[in-house]
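Scope of the values below: all heavy atoms of this structure, side chains included, with no hydrogens, waters or symmetry mates. Every chain is numbered from 1, with letters handed out A, B, ... down the list of sequences.
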Number of protein chains: 2
Amino acid sequence: MKPTFEDIKQQLKAKNISLSYQRLKILEYLIENRCHPTVEMIFAGLHDEIPTLSKTTIYNTLRILEEAGLVKEITTEDKEARYDIATETHGHFKCESCGTIFDFSVDIDSIIPGDLSRFVIKDKNIYFKGLCPRCL
Amino acid sequence: MKPTFEDIKQQLKAKNISLSYQRLKILEYLIENRCHPTVEMIFAGLHDEIPTLSKTTIYNTLRILEEAGLVKEITTEDKEARYDIATETHGHFKCESCGTIFDFSVDIDSIIPGDLSRFVIKDKNIYFKGLCPRCL
DNA sequence: TAATAAGATTGTAATCATTACATGTTTGTA
DNA sequence: TACAAACATGTAATGATTACAATCTTATTA
Ligand SMILES: [Mn+2]
Ligand SMILES: [Mn+2]
Ligand SMILES: [Zn+2]
Ligand SMILES: [Zn+2]
């Protein structure tokens, strides 16, 4: 079940993170735009409503939300980071043609190999590339 | 079985890629340094032997080798790309403490979900993070 | 062999996402 | 209101990567 805006506000309060206007708007944007947006997209998307919002604030907020475990940074071969409201672990598929990043569910834990038995795994990423049905 | 330097030279010839001195040295470096080096590391590692080698040539060569399917770029949350002599698909584990990137074998194909049945998958990446046994 | 052209290499300058930092603003508390 | 802590902002710096133009190598041809 995807957390609501209110759920997330509660989580932030629980972690003693101030609910500033900018932070709430950035969170709201992430909830409403589940396309794994870039900082640039968040900036452009909020500009009409908060003309003074600075990119630095967006970077700061995303770092704080990531440290709190509410947001996850997606790394692709592009240089621009993309952000995902963290829900359960899931895989990402990027279409090389249209650039869309799709979510897919995957049971990662079932394939963790013995090679890693003595490692502490803190983060798991699955990232595929190719062509989406629309672009085929 | 890991390909030898000679194997790779044959593959390059087969693909009509010139075997310049610099390209062969960069390849040799990648074969002998299987630590997923950065461009900076390759540059520093070859500097004594080829003082005139430029980073542009390293970037160009890595791109050509990647297009030929002989080298794979590893993307991490760091901004510096790292390079791997492409063998079979395998997973990567980065230790957050010492920075080492470990290889591990994983049967990715066994977990490709139905979600992606209508997608064409061209590239698969598995990237874990955490702590290695040495750093525990 | 000399002339030529294509391909490789090099160094410098530009690009662009991200971060550092100093300044200004808001918020909560007494 | 007065004060301090936390936030937000804008500008400047950073650093990996790319663009580009000039130079060097190599192979081919006359
Ligand atoms: Mn996602
Ligand atoms: Mn590897
Ligand atoms: Zn597509
Ligand atoms: Zn380690």
Side-chain angles (χ1 to χ4, degrees), chain A residues 9 12-29 36-68 70-84 94 99 101, chain B residues 9 12-29 36-68 70-84 94 99 101:
Chain A
K9 271 167 80 171
L12 286 174
K13 270 189 192 158
K15 301 200 184 203
N16 262 32
I17 295 172
S18 314
L19 307 177
S20 77
Y21 177 65
Q22 287 86 343
R23 290 180 183 174
L24 289 175
K25 278 296 176 187
I26 290 168
L27 253 180
E28 192 178 55
Y29 183 89
H36 313 95
T38 63
V39 166
E40 187 62 39
M41 288 162 75
I42 299 170
F43 181 73
L46 292 176
H47 189 261
D48 283 352
E49 205 170 351
I50 322 173
T52 61
L53 180 65
S54 84
K55 282 192 186 169
T56 303
T57 296
I58 300 175
Y59 280 108
N60 288 340
T61 300
L62 289 170
R63 182 170 36 72
I64 286 168
L65 294 177
E66 187 173 17
E67 283 166 8
L70 292 174
V71 158
K72 194 156 190 298
E73 184 178 324
I74 299 172
T75 317
T76 72
E77 68 288 347
D78 303 326
K79 346 213 135 170
E80 243 177 323
R82 309 189 63 150
Y83 295 88
D84 200 357
K94 174 157 164 236
I101 295 183
Chain B
K9 272 166 80 171
L12 286 174
K13 269 188 191 158
K15 300 198 185 204
N16 262 31
I17 295 172
S18 314
L19 307 177
S20 75
Y21 178 65
Q22 288 86 342
R23 289 180 184 174
L24 289 175
K25 279 296 176 187
I26 291 168
L27 253 180
E28 193 179 54
Y29 183 90
H36 313 93
T38 63
V39 166
E40 186 62 40
M41 289 162 72
I42 300 170
F43 182 72
L46 292 176
H47 189 261
D48 283 351
E49 205 171 351
I50 322 174
T52 60
L53 180 65
S54 84
K55 281 193 188 169
T56 304
T57 296
I58 300 175
Y59 279 108
N60 287 341
T61 300
L62 289 170
R63 183 171 36 73
I64 286 168
L65 294 177
E66 187 173 17
E67 283 167 8
L70 293 174
V71 159
K72 194 158 191 295
E73 185 178 325
I74 299 172
T75 317
T76 73
E77 68 287 348
D78 304 326
K79 344 212 135 171
E80 244 177 322
R82 309 189 64 151
Y83 295 88
D84 200 356
K94 174 158 165 234
I101 295 183

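The two residues B/Gly99 and B/Arg82 make their nearest non-hydrogen contact at O-NH1, 3.8 Å. Contact record, A/Glu77 with B/Thr75: CA-OG1, 3.9 Å, taken as the closest heavy-atom pair. B/Met41 and B/Tyr29 get closest at one heavy-atom pair: O-OH, 3.3 Å. For B/Ile26 against B/Thr57, the heavy-atom pair with the smallest separation is CD1-O, 4.3 Å. Closest of all the heavy-atom pairs between A/His36 and A/Ile74 is CD2-CD1, 3.2 Å.
Counting non-hydrogen atoms under 4.0 angstrom, B/Thr56 reaches a base of the nucleic acid. Within 4.0 Å (heavy atoms only), B/Thr57 reaches at least one base atom of the nucleic acid.
Projected onto DNA chain D by closest heavy-atom contact, B/Asn60 and B/Ala81 fall at different nucleotides, the more 5' of which corresponds to B/Ala81. Annotation: of the two residues near DNA chain C, B/Lys79 and B/Ile58, the 5′-most nearest-nucleotide partner is B/Ile58.
Not one side-chain nitrogen or oxygen of B/Gln22 sits closer than 4.0 Å to the OP1 or OP2 atom of D/dT25.
Between the CD atom of B/Glu73 and the P atom of D/dA16 there is a distance of 14 Å, rounded to whole Å. Atom P of nucleotide D/dC7 and atom CZ of A/Arg63 are separated by 11 Å, given to the nearest angstrom. Remark: P of D/dT18 and OH of B/Tyr59 are 7 Å apart, rounded to the nearest angstrom. B/Asp78 has its CG atom 15 Å from the C1' atom of D/dT17, to the nearest Å. If you measure from atom NZ of A/Lys55 to atom P of C/dT19, you get 13 Å, rounded to the nearest angstrom. What separates CD1 of B/Ile17 from P of C/dA8 is a distance of 9 Å, to the nearest Å. In this entry the distance linking CG of B/Leu62 with P of C/dA8 reads 15 Å, nearest Å. Rounded to an integer number of Å, the gap from B/Asn16 CG to D/dT26 P is 18 Å.
One end of the helix from C/dT1-D/dA30 to C/dA30-D/dT1 points its axis 10° away from the other end's axis, with each axis taken from 5 pairs and the angle rounded to 10°.
Residue A/Ser20 has its side chain nearest to D/dA8 when only C/dT18, C/dT9, D/dA8 are considered. Checked against C/dG11, D/dA6, D/dG10, the side chain of B/Ser54 finds its nearest nucleotide in C/dG11.
Between B/Arg63 and B/Glu66, no side-chain nitrogen of the basic residue sits less than 4.0 Å from a carboxylate oxygen of the acidic one, so the salt-bridge criterion is not met.
Looking at B/Lys13 and B/Leu19, their side chains come closer than 4.5 Å, going by heavy atoms from C-beta outward. Side-chain contact check for B/Arg23 versus B/Ile17: some heavy-atom pair is nearer than 4.5 Å. Here the side chains of B/Tyr83 and B/Leu65 are not in contact, with every heavy-atom distance at 4.5 Å or above.
In terms of modelled atom types and a separation under 3.5 Å, the side chain of A/Thr76 and the main chain of A/Asp78 share a donor-acceptor contact.
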Original post:
What string of B, S and - do you get for nucleotides 22-30 of chain C 5' to 3' if you count protein non-hydrogen atoms under 4.0 Å?
Top reply: ---------
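Atom NZ of residue B/Lys25 and atom CG of residue B/Leu53 lie 11.5 Å apart, to the nearest 0.5 angstrom. Atom NZ of B/Lys55 and atom OG1 of B/Thr61 lie 14.5 Å apart (nearest 0.5 Å).
Within a heavy-atom distance below 4.0 Å of DNA chain D, no residue of residues 36-53 of chain B is found.
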